[in-house]
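Input: a single structure, listed below in structure tokens.
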Amino acid sequence: MGRVVIDVMPKPEILDPQGKAVVGALPRLGFDAFTGVRQGKRFELEVAGEVTPEVLAQARAAAETLLSNPVIEDVVSVRDAGAGEVASA
Amino acid sequence: MGRVVIDVMPKPEILDPQGKAVVGALPRLGFDAFTGVRQGKRFELEVAGEVTPEVLAQARAAAETLLSNPVIEDVVSVRDAGAGEVASA
Amino acid sequence: MSATTSGHQAGRLDTVSRAEATPEREQPWAALGLKSDEYDRIREILGRRPTGAELAMYSVMWSEHCSYKSSKVHLKVFGDHLTDAMKTSLMVGIGENAGVVDIGHDWAVTFKVESHNHPSFVEPYQGAATGVGGIIRDIMAMGARPIAVMDSLRFGAIDHPDTARVVPGVVSGVGGYGNCIGLPNIGGEVVFDPSYQGNPLVNALCVGAMKHADVHLANARGVGNLVVLFGARTGGDGIGGVSVLASETFEDSGPSKRPAVQVGDPFQEKVLIECCLDLFSADLVEGIQDLGGAGLSCATSELASAGDGGMLVHLDRVPLRDPSLSPEEILMSESQERMMAVVTPANIDAFLAVTAKWDVEAAVLGEVTDGDHLVVQWHGETVVDVPPRTVAHDGPVYERPYARPASQDALQADVPTAERLARPGTDEELRALLLRMVASPNLCSRAWVTDQYDRYVMGGTALATPDDAGVVRVDEETGLGVALSLDGNGRYAKLDPRTGAQLALVEAYRNVSAAGATPLAVTDCLNFGSPEDPGVMWQFAEAVRGLAVGCEALGVPVTGGNVSLYNQTGDQGLDSAVLPTPVIGVLGVLDDVRRRTPSGWKVAGQNLYLLGTTREEFGGSEWAWAEHGHLGGMPPAVDFAAEALLGDVLVQCSRDGLVDAAHDLSDGGLAQALVESVLRYGVGARVWLDELLERDGVDLFTALFSESTARAVVAVPREEEVRFTDMCTARGLAHLRIGVSDAEPGQEPVLDVQGRFSVRLAELSAAHTGTLPKHFG
Amino acid sequence: MRIGVVTFPGSLDDGDARRAVRLAGAEPVALWHADADLHGVDAVVLPGGFSYGDYLRCGAIASFAPVMTEVVAAAGRGVPVLGICNGFQVLCESHLLPGALVRNEAQKFICTDQRLLVENADTAWTSALTAGTEITVPLKNGEGGFVADTETLDRLEGEGRVVFRYVGPNPNGSLRGIAGITNERGNVVGLMPHPEHAVEEGFGPTTDGLALFTSVLTAGLAAVGA
Ligand SMILES: Nc1ncnc2c1ncn2[C@@H]1O[C@H](COP(=O)(O)OP(=O)(O)O)[C@@H](O)[C@H]1O
Ligand SMILES: [Mg+2]
């Protein structure tokens, strides 16, 4: 059983209300090291067999169409979880 | 300027309505390779200087308290984005 | 996962024949919460030791939560006080998923309130969300379309750090589920009191409507009819203690981790509602039951015991989210958003076509048999073979000892007299007190909460928060609709549980009539501490009796409800229990919801009348608590005849168009009612109270803050004045003109107590609305 | 005139939209998300709700429904299309309208009676209103913050394509207070507030919302003729 991981983040220039809320809350809890936070999404897609190049291609297409909205988000990476964490998109 | 990346996923045993909605939609769009989907969160935290061990420790603590709900979520990884994508939690 | 399955195949499965063959096998009945005599009784019923699956079923169905073993003997009182007159509009009474009330024109409504207290403390968002989801399924199971929800919430002290965790989670959970499922939230309560620290109360109400012919009941009739499970897949949710069994059965391949909390999927439930309504309208369902607490154990045993035969269920056909679940766990799982239906073989294809249209997963699990046992099989082997009634209805019944606590006398003797608790002396002090009171945690504006709830969805909301009652339309043609109010007061109930329950009832009754609706029926959620404490049990017994007597006096039957016990944070008995908190919902009917009476005045120049009389009653009052942290004395007296008369008059006023606004008086007294009414639409008021002081023999402080019952303020248009006063006189209802609604052109609106003090609405509003945002952001 | 109202799984305000259509004097036609067919309607409403739970992004999964292929084609022919709340989100996800809607700035769902400034009364859905006037209708959303890049915002404003703007405090953090926009042709309008909840005396804060549904009675037929 294989797994593909897809990371999607809000575009840097787009308002990210959730990230903003987090960055406001951190110092109140004593976490003062951080100057900015952005909150995105991480998808884990399971496949029955191995993560073949075809599977990765499908995952990439799904990431660009369904899993992200190009107006506000960037697909940061699409990768085979088994193959270690290697940025790929 | 450094960056810490934190990944948070719903616990495997917990119902994930978001992943369920995605896994239902994928085949309708012709993406038939995937048998399951789980949707989590990815946080990118910026720091003014370098990602020191202290910064990482703060990030880890923030991940466990503010950024995840330990009842339903697991912190999957907390890592220095600059140091390559290495799973660490 | 496959290891587990092979585990079953390897013959570890605790089947009925294995149980017969191994009578001496030790079973973890104690870990499952059973007492030894209860376990013995199960063996006696079955004539052998139970299988693991049977033990699981009995243990959960005989739990306090499902069997009402401590409360049953007391709840019988409702039946004792049910008169024939009260039965006239009752189509289905206590005992079904929810009661059904005839509201005329061939329409019926069903409503019920349920608690989700403990889960909402553990995980506030999901606990509250799944609480809303659960009560909605009860209403669906009656054949109704859910049309509105309400929520009654109680939290610890407003400034306690944990309250800041629980409140936002619970509120967004109630909203998250209700908003997403598309039911208007039309009212509820928010109360802060330290006794709820660590044990918040989250009570959710749902109301649904249907035509008379669509009323469905939970029973499995007709040999050969099919038993269908549909909705979400079954996961390991809420099986907690039952994992003991699973780990016993599958020593070497222990099951995967079980979730600590349940997660709701309101989208799944929305689709389930529409799917069910399609099924009902195509007449494809013989019997139906929701899956809530105790999941399949409850649904199968209740359906079977209400039927006319037995039932055979193939448990391995249950669609699973987690394939490692054992049969015991599947029977026990409390996964949300599932329903069970009984369907004729002739209809099954049509049934499955409807579920497919809605993308709802469905599985035919088995059928109604001509035996009288509930039989559950796992891959062809029998793991349960029981008389279903013994599981569902013949649970243990306890006559728990109860006794009036020794401390009760001292509590009631601690009357908040003027000597004991300082009262404001000057007009300036009264003015300052008014501003403090409207900003206090229990009297301040609830908008921070209710603005997170959709009150408009479905387009039939005629009144919602902050009006006295929520009002929704049932029938678009005639405008027929219902009004609902949900009320409780734990402080009153602590001082005197019997009166406290009655005070909650009369307040809800008054709210509903103030909106112009004729009160028709009652639901209740009884939140108390541990039944093992005789003092708590006394509170419970007293409250139930008070409620039963009150319902009889007002002629409104209890149609159903919920008991929640063990609401406490330590084992200090009465001292660690929450305030005894009966929460009462009253439902009323309006022939045309457009005639409903709002609670604030919209136009200037209308005369304001106070209905009813005022006495010095500060026991358990908001003033004593907010200003002095004092709780003692007796709560306000209840006068059912006065409440009934007031209610009658208010309903007639709405019918005949005699008043433009009506607001009941309760917590915080006249002052609070006036403030809420002026702030509702920003129209001020000039009030003179000298006549009232003289007539009722009270001082201005008492007139403003006493919590005497059976009172309301109404706004009467000038042209209706004579008709209105004539009617009050003829009916013998005390009425007194105490002011006029007021908006001087070009001037800032004020609330003016003539000759004493005056407050600008802007200042009142700032005080009233500031409190919750200050604490919760 | 026949106006279609699409029901997606999770649509909530479809019944209300049909009622509004009826009260405006048109015939409501229920359209099903899985049908690749508009049944010859003269205009389409995408109603509010939480299609597919809105779990991924609001309106994202719904925008791929078979019926949307037809809606997009019809919009291209000039058929009037109105997206309310979730419907607005679907229109953005389908790229019939620019921009996107994100989580409210205050991170909370908000339900309130919202004042709106009518800025464009020349669209298919606003011709019965008067530019420069105010209306009040319910607003209820958790993800109603309108965002777009600066260039898009400038273009929307420059071309007069901002149809409604919030009056008073910005309720959800929408950039430049934008509550509703239209496409270049003026036949597609999307807005976060809910006109369909303000069409009947006694239910909702006003009856201001009815004007959107009466507007299309004249505009719609002209467009279909074209
Ligand atoms: N406080 C109460 N007052 C009246 N009826 C009650 C009360 N508590 C429970 N009941 C009734 O007892 C029956 C069983 O209750 P419950 O177990 O909550 O139902 P369900 O299984 O549908 O959740 C229901 O008909 C319910 O209305
Ligand atoms: Mg039930």
Side-chain angles (χ1 to χ4, degrees), chain A residues 1-10 12 16 18-19 21-52 54-67 76-77 79 81 83-88, chain B residues 1-10 12 16 18-19 21-52 54-67 76-77 79 81 83-88:
Chain A
M1 226 187 52
R3 193 146 47 104
V4 179
V5 174
I6 298 174
D7 289 321
V8 172
M9 292 300 293
D16 169 22
Q18 288 161 292
V22 172
V23 85
L26 284 170
R28 287 198 297 273
L29 298 176
F31 305 117
D32 51 12
F34 310 103
T35 53
V37 177
R38 300 191 76 75
Q39 178 176 336
K41 295 172 188 152
R42 172 186 165 104
F43 299 92
E44 296 188 358
L45 281 62
E46 298 210 340
V47 290
E50 255 177 62
V51 179
T52 60
E54 290 69 41
V55 165
L56 265 183
Q58 264 203 26
R60 229 170 255 128
E64 298 292 346
T65 51
L66 180 66
L67 302 181
V76 175
S77 94
R79 62 192 186 278
E85 305 254 335
V86 182
S88 72
Chain B
M1 226 185 54
R3 196 148 43 104
V4 178
V5 175
I6 298 172
D7 289 321
V8 173
M9 293 299 291
D16 171 20
Q18 320 193 50
V22 173
V23 84
L26 285 170
R28 290 199 296 273
L29 300 180
F31 304 118
D32 52 11
F34 309 103
T35 54
V37 176
R38 296 190 78 77
Q39 179 177 334
K41 296 173 191 151
R42 174 187 163 105
F43 298 91
E44 296 188 359
L45 281 61
E46 300 210 338
V47 289
E50 254 176 67
V51 179
T52 58
E54 290 69 42
V55 165
L56 264 183
Q58 265 204 23
R60 232 171 253 127
E64 299 291 348
T65 51
L66 180 67
L67 303 180
V76 175
S77 93
R79 60 192 185 276
E85 305 256 334
V86 182
S88 70

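Quick note: numbers below take in every heavy atom, side chains included, and nothing from hydrogens, waters or symmetry partners.
When A:G30, A:A48, A:G36 are compared by the number of non-hydrogen pairs under 4.5 Å with chain B, A:G36 comes out ahead. Taking chain A as the reference chain and counting heavy-atom pairs below 4.5 Å, the highest number among B:A61, B:G19, B:A25 is found for B:A61. Highest contact tally toward chain A, considering only B:G49, B:A33, B:A59, is held by B:A33 [criterion: heavy-atom pairs under 4.5 Å]. When A:V8, A:D32, A:T52 are compared by the number of non-hydrogen pairs under 4.5 Å with chain B, A:D32 comes out ahead.
Applying salt bridge (charged side-chain N to carboxylate O under 4.0 Å, His left out) to B:D7 and the options B:R79, B:R38, B:K41 leaves one that passes, B:R79. A:F34 pairs with exactly one of B:Q58, B:E44, B:R3 by the side-chain contact (heavy atoms from CB on, under 4.5 Å) rule, that one being B:Q58.
For chain A, no part of B:M1 is nearby; none of its heavy atoms comes within less than 4.5 Å. Heavy atoms closer than 4.5 Å to chain A are found nowhere in B:I6, neither backbone nor side chain. With a 4.5 Å cut-off on non-hydrogen atoms, B:T65 touches chain A through its side chain but not through its backbone.
Separating the CG atom in B:L45 from the CG atom in B:L56 is a distance of 10.5 Å, to the nearest 0.5 Å. Atoms CZ and CG, on A:F43 and B:L26 in that order, are 9.5 Å from each other to the nearest 0.5 Å. How far OG of B:S77 is from CE of B:M9: 11.0 Å, rounded to the nearest 0.5 Å.
Residues B:P10 and B:G40 come closest through the heavy atom pair CD-CA, 3.9 Å.
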